[in-house]
Chemist: 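Mind having a look at this structure? Questions to follow.
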Amino acid sequence: QVQLVESGGGLVQTGGSLRLSCAASGRTFSSYAMGWFRQAPGKEREFVAAISWSVISTSYADSVKGRFTISRDNAKNTVYLQMNSLRPEDTAIYYCAADNSGGWRRGLFEYWGQGTLVTVSE
């Protein structure tokens, strides 16, 4: 079992930056693939980025490529999402997710955090 707690959300102006953090419990964090998803008001949750347990593999949604960077620090049981050049359409609740079943490459994650709100003003 993994528990995930996101932080770092807030209000930022268009073009600004934020870094989200997701702290994970459990001694086996380094064996989990990690991901970030988001859900905007009135929309379905969508994939943002993912990183393999080994850090070798990362993937991004087309809408955030070149602007967002996912990273992890296994020593701190933490995964990050650096978000630059933010746009109003990035406004959403951002969720951290973890997977140890191998489904993460298909967007399937086992564990989810409660989310942190990011609001980008025009």
Side-chain angles (χ1 to χ4, degrees):
Q1 186 91 14
V2 175
Q3 292 185 325
L4 306 171
V5 179
E6 303 95 335
S7 62
L11 175 64
V12 64
Q13 291 185 331
T14 296
S17 298
L18 280 176
R19 188 176 80 156
L20 305 183
S21 299
C22 173
S25 64
R27 293 176 292 177
T28 59
F29 171 78
S30 61
S31 66
Y32 283 77
M34 302 296 296
W36 287 96
F37 289 72
R38 67 186 182 186
Q39 186 167 18
K43 296 187 177 181
E44 294 187 353
R45 187 166 60 190
E46 64 176 2
F47 169 77
V48 175
I51 186 168
S52 64
W53 67 270
S54 64
V55 194
I56 292 176
S57 179
T58 58
S59 62
Y60 295 91
D62 288 343
S63 59
V64 307
K65 279 181 182 177
R67 300 188 299 122
F68 291 11
T69 303
I70 188 171
S71 61
R72 66 189 296 163
D73 185 337
N74 288 340
K76 295 183 178 179
N77 279 17
T78 302
V79 63
Y80 305 97
L81 185 69
Q82 178 65 45
M83 304 186 296
N84 299 327
S85 302
L86 283 162
R87 306 166 181 168
E89 54 263 39
D90 295 318
T91 294
I93 298 174
Y94 283 72
Y95 297 92
C96 175
D99 177 67
N100 195 30
S101 70
W104 70 277
R105 293 186 184 275
R106 301 188 304 276
L108 303 176
F109 286 76
E110 298 175 280
Y111 304 103
W112 295 84
Q114 294 299 305
T116 185
L117 178 62
V118 171
T119 303
V120 185
S121 64
E122 303 204 21

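Since the structure is predicted, the reported quantities are computational estimates derived from the model, not experimental observations.
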Chemist: Is there a donor-acceptor pair under 3.5 Å between the side chain of Y60 and the backbone N or O of I70?
Modeler: yes

Chemist: Does any non-hydrogen side-chain atom of L20 lie less than 4.5 Å from one of V118?
Modeler: yes

Chemist: Can V120 be reached from M83 by stepping across I, L, V, M, F, W or Y side chains whose heavy atoms are under 4.5 Å apart?
Modeler: yes

Chemist: S71 versus Q82: any side-chain heavy-atom pair under 4.5 Å?
Modeler: no

Chemist: List for me each residue that meets salt bridge (charged side-chain N to carboxylate O under 4.0 Å, His left out) alongside K76, sequence neighbours excluded, and say none if there are none.
Modeler: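 Checked K76 against salt bridge (charged side-chain N to carboxylate O under 4.0 Å, His left out); zero matches.
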
Chemist: I need the minimum non-hydrogen distance between V2 and A24, along with the two atoms involved.
Modeler: CG1-CB, 4.1 Å

Chemist: What pairs with R67 under salt bridge (charged side-chain N to carboxylate O under 4.0 Å, His left out), at least two apart in sequence or on another chain?
Modeler: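 By the salt bridge (charged side-chain N to carboxylate O under 4.0 Å, His left out) rule, R67 matches D90.
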
Chemist: Return yes if some donor-acceptor pair links the side-chain N/O of S52 with the main-chain N/O of S57 below 3.5 Å, else return no.
Modeler: yes

Chemist: Do you know the tightest heavy-atom contact between G8 and L18?
Modeler: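 Taking every non-hydrogen atom into account, O-CD2, 3.8 Å.
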
Chemist: Suppose we screen for salt bridge (charged side-chain N to carboxylate O under 4.0 Å, His left out). Which residues come up paired with E46, at least two apart in sequence or across chains?
Modeler: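 E46 satisfies salt bridge (charged side-chain N to carboxylate O under 4.0 Å, His left out) with R38 once adjacent residues are dropped.
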
Chemist: Would you please test F29 and M34 for side-chain contact (heavy atoms from CB on, under 4.5 Å) and show each step?
Modeler: CA-CA 9 Å; F29 171 78; M34 302 296 296; 3.7 Å; yes

Chemist: Is F68 close to L81 at the side-chain level, that is, under 4.5 Å between some pair of heavy atoms?
Modeler: yes

Chemist: In the structure I gave you, are the side-chain heavy atoms of V5 and Q114 within less than 4.5 Å of one another anywhere?
Modeler: no

Chemist: Which salt bridge (Lys or Arg N to Asp or Glu O under 4.0 Å) pairs, counting each pair once, include a residue from residues 94-121, with sequence neighbours left out?
Modeler: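 Non-adjacent pairs meeting salt bridge (Lys or Arg N to Asp or Glu O under 4.0 Å): zero.
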
Chemist: Which ring pair (Phe, Tyr, Trp, His ring centres under 6.0 Å) pairs, counting each pair once, include a residue from residues 99-122, with sequence neighbours left out?
Modeler: F37-F109, F37-W112

Chemist: Kindly state each residue pair satisfying ring pair (Phe, Tyr, Trp, His ring centres under 6.0 Å) with at least one member in residues 73-102, sequence neighbours excluded.
Modeler: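 Non-adjacent pairs meeting ring pair (Phe, Tyr, Trp, His ring centres under 6.0 Å): zero.
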
Chemist: Test question: given the 4.5 Å side-chain rule for I, L, V, M, F, W and Y, name all other residues clustered with L11, or answer none.
Modeler: none

Chemist: Rounded to the nearest 0.5 Å, how far apart are NZ of K65 and OG of S59?
Modeler: 8.5 Å

Chemist: Distance-only, no hydrogens or angles: does the T78 side chain make a donor-acceptor pair with backbone N or O of A23 under 3.5 Å?
Modeler: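 Looks like no, no N/O pair under 3.5 Å.
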
Chemist: Hey, does the side chain of E6 reach the backbone of G115 with a donor-acceptor pair shorter than 3.5 angstrom?
Modeler: yes

Chemist: Which residues satisfy the side-chain contact (heavy atoms from CB on, under 4.5 Å) test with S30, sequence neighbours excluded?
Modeler: N74

Chemist: Show me the pairs that pass salt bridge (Lys or Arg N to Asp or Glu O under 4.0 Å) and involve residues 7-17, at least two apart or across chains.
Modeler: none

Chemist: Heavy atoms only: give me the nearest S21-W36 pair and the separation to one decimal.
Modeler: O-CH2, 3.7 Å

Chemist: So, taking the atom named CG in N100 and the one named CD in Q1, what distance separates them when rounded to the nearest 0.5 Å?
Modeler: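 Reported value, rounded in 0.5 Å steps: 12.5 Å.
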
Chemist: Filter on side chain to side chain donor-acceptor pair (under 3.5 Å), then keep only pairs touching residues 7-19, sequence neighbours left out; what's left?
Modeler: S17-N84

Chemist: Among pairs that include at least one residue of residues 112-122, which meet salt bridge (Lys or Arg N to Asp or Glu O under 4.0 Å), considering only residues two or more places apart or in two chains?
Modeler: none

Chemist: For Q3, enumerate each residue passing the side-chain contact (heavy atoms from CB on, under 4.5 Å) test, keeping only those at least two apart in sequence or located in another chain.
Modeler: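 Q3 satisfies side-chain contact (heavy atoms from CB on, under 4.5 Å) with S25 once adjacent residues are dropped.
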
